[in-house]
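Chain letters run A, B, ... following the sequence lines, proteins first, then strands; residues in each count from 1.
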Amino acid sequence: MDYNFGDIEKKWQQYWKENKTFKAENISDKPKYYVLDMFPYPSGAGLHVGHPLGYIASDIYSRYKRHKGFNVLHPMGYDAYGLPAEQYAIQTGQHPAITTENNITRYRQQLDKLGFSFDWDREVRTCNADYYKWTQWTFIQLFNHYYNNKTKKAEHINQLIDVFCKEGNANIDVACDASDIFTAEEWNNYPEKKQQELLMNYRIAFLSDTQVNWCPKLGTVLANDEVNGGLSVRGGHPVERKSMRQWSLRITAYAERLLEGLDALNWSESLKEIQKNWIGKSVGAEVSFHLSPKGADDFKVLSSGEDLGEVLKIFTTRPDTIFGVSFMVLCPEHEVINTITTSDKKEEVEQYLTWAKNRSERERQTEVNKITGVFTGAYAINPLTNEEIPIWISDYVLAGYGTGAIMAVPAHDSRDFAFAKHFNLPIPQVILPSDEEAGDTSTWTESKDSKEGTCINSGIITGMTVKEGIKTVIDFVEGKGIGKRQINFRLRDAIFSRQRYWGEPFPVYYKDGMPYMLDESKLPLELPEVDKYLPTESGEPPLARAKNWITEEGYPLETNTMPGFAGSSAYYLRYMDAKNDKEIFSKEANAYWENVDLYIGGAEHATGHLIYARFWNKFLFDLGLCVKEEPFQKLINQGMIQGRSSFVYRIKGTNRFVSYGMKNDFDVQQLHCDVNIVDNDILDIDKFRDWLPDYKEAEFILEDGVYVCGTEVEKMSKSLYNVQNPDDIIVRYGADTLRLYEMFLGPLEQSKPWDTKGIEGVFRFIRKFWKLFHDENNNLAISEEAPTPVELKILHKTIKKITEDIERFSFNTAVSSFMICANELSEVKCHKRAILEPLTVLIAPYAPHLAEELWANLGHNESITTANYPICNETYLVESNFKYPVSFNGKMRYTLELPIDMSVQEIEKAVLASPDSQKWLEGKTPKKVIIVPKKIVNIVI
RNA sequence: GCCCUGGUGGUGGAAUUGGUAGACACGCAGGACUUAAAAUCCUGUGACCAUUGCGGUCGUGCGGGUUCAAGUCCCGCCCGGGGUACCA
């Protein structure tokens with residue numbers, strides 16, 4: 001073999017390892033550049049060809065930046081806690097630490113074979129105590145801080161306690177759960193337990209009874225981003241709502257900053273959009289509706305004169321539609337229901353509540369069209385019309401958002417409309433779009449969600465625009481003290497407890513039922529051994545099985561563990577100073593590396609990791625620990641590499657398989673077939689017979705002497721037999737070819753099916769490149785001759801193009817440009833050092849092993865990594881002529897080569913004088929001649 | 001439903017600011033070398049018409065528009081991919 005990639009790649013991987021070629025120093029005169037790949041979870045299946053796509057891109061960019069004189073931080077590590085290892089432990093009894101270790105070893109081998117330039121000295125693993133010590137430490141800080149809305153940052157809880165001691169909580173503006181007002185005197189007289197309970201309403205990490213997503217199958221609680229459509233994202237198991245005492249993080253305190261911060265980030269619009277929607281800011285008003293005595297035979301609240309429940313608060317984004325309110329709706333969980341329901345409706349309401357409660361979350365979400373509800377018998381008074389409106393209950397109103405109660409405006413809200421239609425409630429129109437006339441709403445088939453228009457039938461705001469109406473109504477209710485401007489977010493606080501074994505233990509113990517933090521000196525609190533990885537018989541999490549799971553003083557330790565995002569929310573900061581055992585990272589290291597300049601990973605983390613990490617970073621920023629408020633300045637989402645499945649067609653009830661082209665002539669069953677025994681859609685019949693015992697005796701009906709398989713693009717997955725793993729490709733073509741090919745497939749951000757069809761072309765190119773340095777007998781043959789202008793032009797044109805392409809992350813076109821360059825140099829038979837040496841540096845980020853080998857062969861003793869990136873000299877690119885495309889009425893007809901410095905007048909003369917033009921003009925005089933120098937000529941006839 | 005994306009040859013894709021559509025690669029066809037094959041090299045390859053040569057017509061999901069000029073900009077649709085879903 002002319003180009004022996006096997007030996008070459010092994011040799012240089014060894015060299016990089018021994019020489020720590022890619023070690024990044026924390027002290028440097030060079031400018032820094034931080035390139036990060038999203039934290040991988042080391043799964044048992046190892047890497048498939050889809051995983052390295054982003055790693056290759058980030059590696060190319062890292063190597064490029066090193067050539068450009070940057071001190072590059074390019075680390076790698078493992079998000080090692082996770083469900084699969086624990087599920088495996090439950091099934092087999094093998095400790096998840098062993099499974100994880102094995103998986104990591106396999107991952108590392110695969111990564112090494114790809115020739116990545118990681119600084120492995122900085123590797124972190126979330127399950128290592130020296131790493132999770134700092135996860136626990138951060139949790140303690142989260143517990144010890146609250147969020148001050150006035151200063152817009154996290155502050156130490158002691159500052160809040162000071163305020164409570166001096167003036168109580170009447171005048172504070174802080175992020176908290178609803179809590180009663182108390183005076184300084186009351187506070188000072190509360191017993192410690194009561195004080196701790198109250199403080200829990202303010203801490204950023206807090207314990208509370210919340211409605212959680214409980215997944216019985218996984219035996220744990222899940223965060224909102226881990227649930228989709230009522231099913232767990234991992235495993236697809238049903239999830240139900242349940243009230244449980246859990247740790248949460250008050251991420252909602254940061255909602256506004258998480259939203260605002262997006263603007264300055266260099267992320268794709270779609271990703272920002274996903275985060276914006278997830279945060280879900282709504283601006284509107286909270287308005288109080290008084291209850292009416294109407295219909296209340298034994299109306300408790302009013303008859304007893306109690307204050308409680310006398311008003312119902314609603315949240316609306318459209319206060320201008322308040323004159324169109326014809327009823328109110330409460331969520332089934334609303335606390336006032338018992339109080340207001342009239343005796344004649346009691347039974348009906350209770351029936352409904354029982355039904356709603358037993359309805360699964362999945363049913364509720366999938367049966368959106370099913371309209372259900374019940375009338376309470378009670379009425380409220382519209383504060384602007386003084387009309388009495390019925391109060392209903394329905395589960396289309398959610399307990400977790402706003403106040404759990406709405407004013408229904410059926411004419412202008414689709415859900416209210418459907419509800420009103422179903423229960424035959426009035427539908428008054430109050431907004432009129434500018435080009436319409438008021439209609440009879442009883443003939444409407446859907447609501448008009450008029451976001452613009454004029455208010456009609458609307459008392460004091462009749463005739464106003466929507467915008468004016470909103471402002472006027474808010475001012476009115478604020479003036480009367482029955483409402484206020486209000487902003488709501490869809491974002492929920494992040495539930496932080498998991499009833500699992502394989503996660504970070506909380507640094508928490510309980511005294512008198514109240515949680516306390518361990519002293520920092522006691523960290524890390526190491527994960528204990530357990531006899532089984534299952535919950536206890538009484539339903540407690542696995543850690544409750546651990547012996548002596550108590551503090552030195554004998555207090556019980558927390559038995560929940562932290563969720564996956566705990567360990568991955570600050571790993572990028574830890575890389576800056578991964579071995580520091582005194583602090584999470586040093587101020588100096590953080591001041592130098594600041595934040596991630598380029599982050600590459602999948603878009604599936606948009607509502608999980610990427611929000612949590614931003615929140616976590618902002619918190620550490622508030623504490624003055626890190627210098628940048630945002631963790632990831634630029635982010636690229638690499639597209640997914642899908643699998644391309646192969647199919648065989650078995651004639652039903654037989655063991656005969658019919659080729660793709662004839663399958664319609666038989667009654668066949670389509671079966672997945674391992675893509676690794678199919679080449680160019682042609683099945684290797686012998687391998688197929690050996691593949692599964694069932695197929696040992698298989699017979700085939702061929703077309704043109706071969707068995708052709710059908711194909712389909714699907715997710716790459718073991719169960720679909722379409723997984724391509726990088727190791728096989730590397731054995732066959734080498735890592736450099738794989739690297740180039742993955743880039744050549746298409747734009748980084750685009751999803752595409754994996755198909756090895758084109759890999760031969762890339763392999764040919766690499767060998768062609770190699771041959772530029774060698775003669776027919778594979779001996780090194782470098783000429784020291786001076787390059788010709790043609791050769792210089794090829795080189796500098798390529799330098800320019802490759803540099804432009806890499807700067808805009810267009811790796812696929814860069815590979816094409818290398819191919820063009822190699823083709824052109826082969827054509828002129830160029831073997832000159834002056835051309836090939838810069839070219840080797842240029843290709844080094846893409847095909848590093850090849851480049852190192854050629855670089856050494858060119859006589860260099862140091863790694864090519866230290867070489868400067870070549871710079872384009874434009875003087876070699878100057879042309880004397882330009883070949884003008886000449887168009888007639890916009891249609892290109894012929895080209896004409898003219899001197900580049902020719903004036904517009906001269907060009908026109910030359911073009912019109914050309915015989916080709918005479919032919920197209922057919923004797924007519926052109927109406928107009930458009931000439932864009934060095935671009936185009938267009939003649940309008 | 002709403003939001004974000006994308007739609008270009010047989011295939012992956014290129015065209016960066018409105019200026020020669022289809023670079024580069026695969027595949028396919030033909031040829032050279034070879035006893036043969038592999039490898040390598042050369043030629044052709046959007047469709048249709050014409051073919052003796054010159055050529056011509058159409059063509060970037062569909063229908064309109066702006067412009068000397070539109071894959072690119074504007075308006076209205078269709079289809080695929082992703083996100084989200086009673087968020088008031």
Side-chain angles (χ1 to χ4, degrees), chain A residues 1-2 228-229 268-278 280-282 284 314-318 321 329 364-371 394-398 400-409 412-416 418-419 446 449 488-492 603-604 606-607 637 639-640 642 680 741 744-747 749-753 755-762 764-765 767-768 771 776 801 804-805 807-808 810 812-813 815-820 823 826 883-895 926-932 934-941:
Chain A
M1 170 80 78
D2 42 12
N228 194 346
S268 73
E269 278 313 308
S270 68
L271 189 65
K272 287 190 193 180
E273 208 54 42
I274 292 171
Q275 288 216 342
K276 266 182 205 164
N277 293 340
W278 189 260
K281 181 180 180 177
S282 300
I314 58 93
F315 173 71
T316 177
T317 54
R318 292 292 300 275
T321 60
V329 190
R364 200 184 62 76
Q365 288 189 19
T366 45
E367 297 170 7
V368 168
N369 298 328
K370 190 171 172 184
I371 296 154
S394 174
D395 68 353
Y396 84 85
V397 176
L398 301 179
Y401 186 77
T403 59
I406 60 152
M407 60 175 212
V409 186
H412 306 292
D413 179 281
S414 58
R415 297 150 305 180
D416 298 345
F419 194 84
E446 56 183 11
D449 301 344
N488 272 335
F489 292 95
R490 206 189 76 115
L491 186 71
R492 296 276 84 91
E604 68 271 19
T607 54
N637 291 123
M640 224 184 14
Q642 294 139 317
N680 259 328
Y741 183 58
F744 187 62
L745 273 176
E749 294 175 86
Q750 211 166 290
S751 285
K752 53 233 152 189
D755 193 336
T756 45
K757 254 199 219 156
I759 200 165
E760 290 286 344
V762 174
R764 271 174 216 152
F765 155 72
R767 289 198 289 170
K768 196 176 231 178
K771 281 180 188 160
E776 304 81 53
K801 180 77 165 79
E804 279 169 9
D805 284 350
E807 288 290 355
R808 65 189 174 103
S810 176
N812 56 326
T813 52
V815 176
S816 298
S817 304
F818 280 125
M819 288 174 171
I820 294 168
N823 289 346
S826 300
K883 202 170 170 187
Y884 278 93
V886 181
S887 301
F888 290 79
N889 289 340
K891 282 200 177 94
M892 210 287 285
R893 294 302 182 184
Y894 72 98
T895 55
K927 283 192 192 129
K928 203 170 171 186
V929 180
I930 287 131
I931 292 162
V932 184
K934 285 186 273 180
K935 274 266 163 68
I936 198 172
V937 176
N938 190 15
I939 297 165
V940 185
I941 312 170

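Pair assignment for B/A69: none, as no Watson-Crick or G-U wobble contacts are both less than 3.5 Å. Taking a pair to require two hydrogen-bonding distances under 3.5 Å in either a Watson-Crick or a G-U wobble arrangement, B/U35 remains unpaired. With a cut-off of 3.5 Å on both pairing distances, the Watson-Crick or G-U wobble partner of B/G30 is B/C42. A 3.5 Å limit on both hydrogen-bonding distances identifies no Watson-Crick or G-U partner for B/U60. In this structure B/A85 sits in no base pair that meets the Watson-Crick or G-U test at under 3.5 Å. In this structure B/G80 sits in a base pair with B/U5, meeting the Watson-Crick or G-U test at under 3.5 Å. When Watson-Crick and G-U wobble pairs are counted only if both distances are under 3.5 Å, B/A25 pairs with B/U11.
One finds a side-chain N or O of A/R764 lying less than 4.0 angstrom from the OP1 or OP2 phosphate oxygen of B/U40. At least one side-chain nitrogen or oxygen of A/N812 sits closer than 4.0 Å to the OP1 or OP2 atom of B/A14. Remark: A/N823 is in phosphate contact with B/A25, judged by side-chain N or O atoms under 4.0 Å from OP1 or OP2. For the OP1/OP2 pair of B/C2 and a distance below 4.0 Å, the side-chain nitrogens and oxygens of A/R490 include no atom meeting the criterion. One finds no side-chain N or O of A/Q750 lying less than 4.0 angstrom from the OP1 or OP2 phosphate oxygen of B/G6.
The shortest non-hydrogen separation linking A/I314 to A/T403 is CA-OG1, 3.3 Å. A/A408 approaches A/D416 most closely through the heavy-atom pair CA-OD2, 3.3 Å. In plain terms, the two heavy atoms of A/K752 and A/L745 that are nearest each other are CD-CB, 4.2 Å.
Taking the C1' atom of each, B/U40 and B/C73 are spaced 48 Å apart, rounded to whole Å. Comparing the C1' positions of B/G56 and B/A32 gives a spacing of 35 Å, expressed to the nearest Å. For the C1' atoms, the distance linking B/C2 with B/A85 amounts to 8 Å, nearest Å. Nucleotides B/A70 and B/G31 have their C1' atoms positioned 41 Å apart, rounded to a whole Å. Using P as the reference atom, B/U16 and B/G7 are 13 Å apart when rounded to the nearest Å. Only the P atoms considered, B/G6 is 14 Å distant from B/A15, to the nearest whole Å. Comparing the P positions of B/U11 and B/A23 gives an interatomic distance of 15 Å, to the nearest angstrom. The separation of B/G76 from B/G59, taken at their C1' atoms, amounts to 23 Å, rounded to a whole angstrom.
We find that CD1 of A/I936 is positioned 6 Å from P of B/U20, with the value rounded to whole Å. Distance NZ (A/K935) to P (B/A21): 15 Å, rounded to an integer number of Å. Atom CG in A/D416 sits about 15 Å away from atom P in B/C86, given to the nearest Å. One atom, CD of A/Q275, and another, P of B/C3, lie 20 Å apart when rounded to the nearest Å. Rounding to whole angstrom units, CD of residue A/E273 and P of B/G6 are separated by 14 Å. Between the P atom of B/A88 and the OH atom of A/Y401 lies a distance of 4 Å, rounded to the nearest Å. Distance A/R893 CZ to B/A21 P: 11 Å, rounded to the nearest Å.
Dense packing is recorded around CD of A/E807, with more than 12 heavy atoms of other residues, nucleotides or ligands lying under 6.0 Å away.
In this structure, B/G7 shows a glycosidic angle more than 90 degrees from zero, which is the anti conformation.
At a threshold of 4.0 angstrom between heavy atoms, the contacts of A/S816 include nucleobase atoms, whether or not backbone atoms are also involved. A/I820 comes within 4.0 angstrom of sugar-phosphate atoms only, judged by non-hydrogen atoms across all strands, and of no base. Among the atoms of the strands shown, only primed sugar atoms or phosphate atoms (P, OP1, OP2) are found under 4.0 Å from some heavy atom of A/P747. A/V409 comes within 4.0 angstrom of no nucleic acid atom, judged by non-hydrogen atoms across all strands. A/L398 comes within contact range of at least one nucleobase, with a heavy-atom separation under 4.0 Å.
Annotation: of the two residues near RNA chain B, A/K801 and A/K752, the 5′-most nearest-nucleotide partner is A/K752. Nearer to the 5' terminus of RNA chain B, by closest-nucleotide assignment, is the contact made by A/I759 (compared with the other of A/K768 and A/I759).
Judged purely by atom type and a 3.5 angstrom limit, A/R492 uses its side chain to pair as donor or acceptor with the backbone of A/G400.
Using cut-offs of 30° and 60° for the angle between ring planes, the A/F419 and A/Y396 rings count as tilted.
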